[in-house]
2 protein chains.
Amino acid sequence: MTTPQLTKNQSLVFDVLEKAEGPLSAYTILDKLRDHGFRAPLQVYRALEKLLEYGVVHRLESINSFVACAHPGENCHSHGIVAFAICESCGQVMEFHDHEVDHRLMAWVRGQKFKPEKTTIEIRGLCEACAA
Amino acid sequence: MTTPQLTKNQSLVFDVLEKAEGPLSAYTILDKLRDHGFRAPLQVYRALEKLLEYGVVHRLESINSFVACAHPGENCHSHGIVAFAICESCGQVMEFHDHEVDHRLMAWVRGQKFKPEKTTIEIRGLCEACAA
DNA sequence: CAATTGATGTAATAACATAACATTTGCAAT
DNA sequence: ATTGCAAATGTTATGTTATTACATCAATTG
């Protein structure tokens, strides 16, 4: 499954996220795109919806923000569950994957006959630089 | 660390959550407590803040809702990372703990010298009954 | 060209959360 | 008992995040 050609709005939103230092809220993205004609939140949310679907952007549930996938070119959906470490001081996000974690979680849900659709793993804390 | 005596508002909020079938939003809790004199969101959020601190209530980040801890009497904070399976159809929540998952995640953050404060693991999908 | 589909534009509103400030309550120290 | 403090509460207003509803536009296809 490859990423389709992005539309104009999708490209604009994606570019903003890619150039950002860290995660951005939808409204922050909106503000950054006012000059490009964006006027309403929905323009951002609709683009984000597609970008999430394509796996090129992640949503950070615990901080209501969005971040470009750390694996440009690859399809993140194929890496198993994505985990994030989010620095509460500087906002920097580290993305990682751990197959053993995936395996344990999936073993648990299988035991419950639970059918997983979307899994969130987010660790909030302080990055090395900020903890010092 | 034992749970202190709850205040009036804290007790009211906690009782609502305990009697609920599943997670509730802060505003749903507010509505259920109008008869008991609640008028403003802050009354709910302030109580929730304490209940979260005491570990008797959990916040589900991915659905902006709150749920009573599944281990009444025990202190949930001592169980390590709490994970949730949330049924998107019926809203039911299952709470579980997996020490191996904790171990893997903590090993990863240690490697990054990241200092974790709060970790979220939420699996959304369909429970056995709803998947049928 | 008509019909369908997906993308976009716009306004309004819903849902979630906090800031700021005033007041009250519980309780320890004197 | 009274003072002083910390925690809890009450209230209004506002800030932030997300969606509904409806109109329009563009590309594709039968």
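Please read all numbers here as calculations on a predicted model, not as lab measurements. Reminder, nothing fancy here: chain letters follow the sequence lines and each chain counts from 1.
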Quiz item: With a 3.5 Å cut-off and just heavy-atom distances, do the side chain of Y27(B) and the base of dA17(C) make a donor-acceptor pair?
Solution: yes
Quiz item: Residues in salt bridge (charged side-chain N to carboxylate O under 4.0 Å, His left out) with K32(A), at least two apart?
Solution: none
Quiz prompt | Donor-acceptor pair present, R46(A) side chain and dG9(C) base, under 3.5 Å | solution = yes
Exercise. Give a yes or no on whether V56(A) and M94(A) share a hydrophobic cluster (residues Ile, Leu, Val, Met, Phe, Trp, Tyr; joining criterion: side-chain heavy atoms under 4.5 Å apart).
Key: no
Practice problem: Calculate the interatomic distance between I29(B) atom CD1 and dA17(C) atom C1'; express it in whole Å. | Solution: 13 Å
Practice problem: Measure from CG on L48(A) to C1' on dT8(C) and round the result to the nearest Å. | Solution: 15 Å
Practice problem: Starting from C1' on dA14(C), measure out to CG on L42(A) and report it in whole angstrom. | Solution: 13 Å
Exercise. Mind listing the residues from residues 31-39 of chain A sitting with a heavy atom below 4.0 Å of DNA chain D? Number order is fine.
Key: none
Quiz prompt | Nearest-nucleotide comparison on DNA chain D, the residue closer to the 5′ end among A40(B) and T7(B) | solution = T7(B)
Quiz item: Whole Å only: how far is the CD atom of Q43(B) from the C1' atom of dT24(C)?
Solution: 13 Å
Quiz item: In the hydrophobic cluster built from side-chain contacts under 4.5 Å, what are the other members alongside L126(A)?
Solution: none
Quiz prompt | Rounded distance (Å) that lies between atom P of dA15(C) and atom OH of Y45(B) | solution = 12 Å
Quiz item: Please walk me through it: do H71(A) and H58(A) pass ring pair (Phe, Tyr, Trp, His ring centres under 6.0 Å)?
Solution: CA-CA 11 Å; H71(A) 305 95; H58(A) 300 291; 7.9 Å; no
Exercise. Measure from CD on Q5(A) to C1' on dG6(C) and round the result to the nearest Å.
Key: 15 Å
Exercise. Apply side-chain hydrogen bond (donor to acceptor under 3.5 Å, both in side chains) to S62(B) and list each qualifying residue two or more places apart in sequence or on a separate chain.
Key: E122(B), R124(B)
Quiz item: Expressed in angstrom and rounded to an integer, what is the separation of L30(B) atom CG from dA15(C) atom P?
Solution: 13 Å
Quiz item: Got a sec, which hydrophobics cluster with V93(A), joining ILVMFWY side chains under 4.5 Å apart, including via others?
Solution: L60(A), I63(A), V67(A), V82(A), F84(A), I86(A)
Practice problem: Tell me whether V101(B) is reachable from F114(A) by hopping between hydrophobic residues (I, L, V, M, F, W, Y) whose side-chain heavy atoms are closer than 4.5 Å. | Solution: yes
Quiz item: Of N64(A) and A47(B), whose nearest nucleotide on DNA chain D comes first from the 5' end?
Solution: A47(B)
Practice problem: Using the rule that two of Ile, Leu, Val, Met, Phe, Trp, Tyr join whenever any of their side-chain heavy atoms come within less than 4.5 Å, decide whether Y45(B) and L6(B) are in one cluster. | Solution: yes
Practice problem: Would you mind checking if R46(A) and E49(A) are paired as a salt bridge, meaning a charged N to carboxylate O distance below 4.0 Å? | Solution: no
Self-check item: Separation of dC16(C) C1' from E61(B) CD (nearest whole Å)
Solution: 13 Å
Self-check item: Where chain B begins and ends its contact with DNA chain D, read 5' to 3' at 4.0 Å from heavy atoms
Solution: dA8(D) to dT12(D)
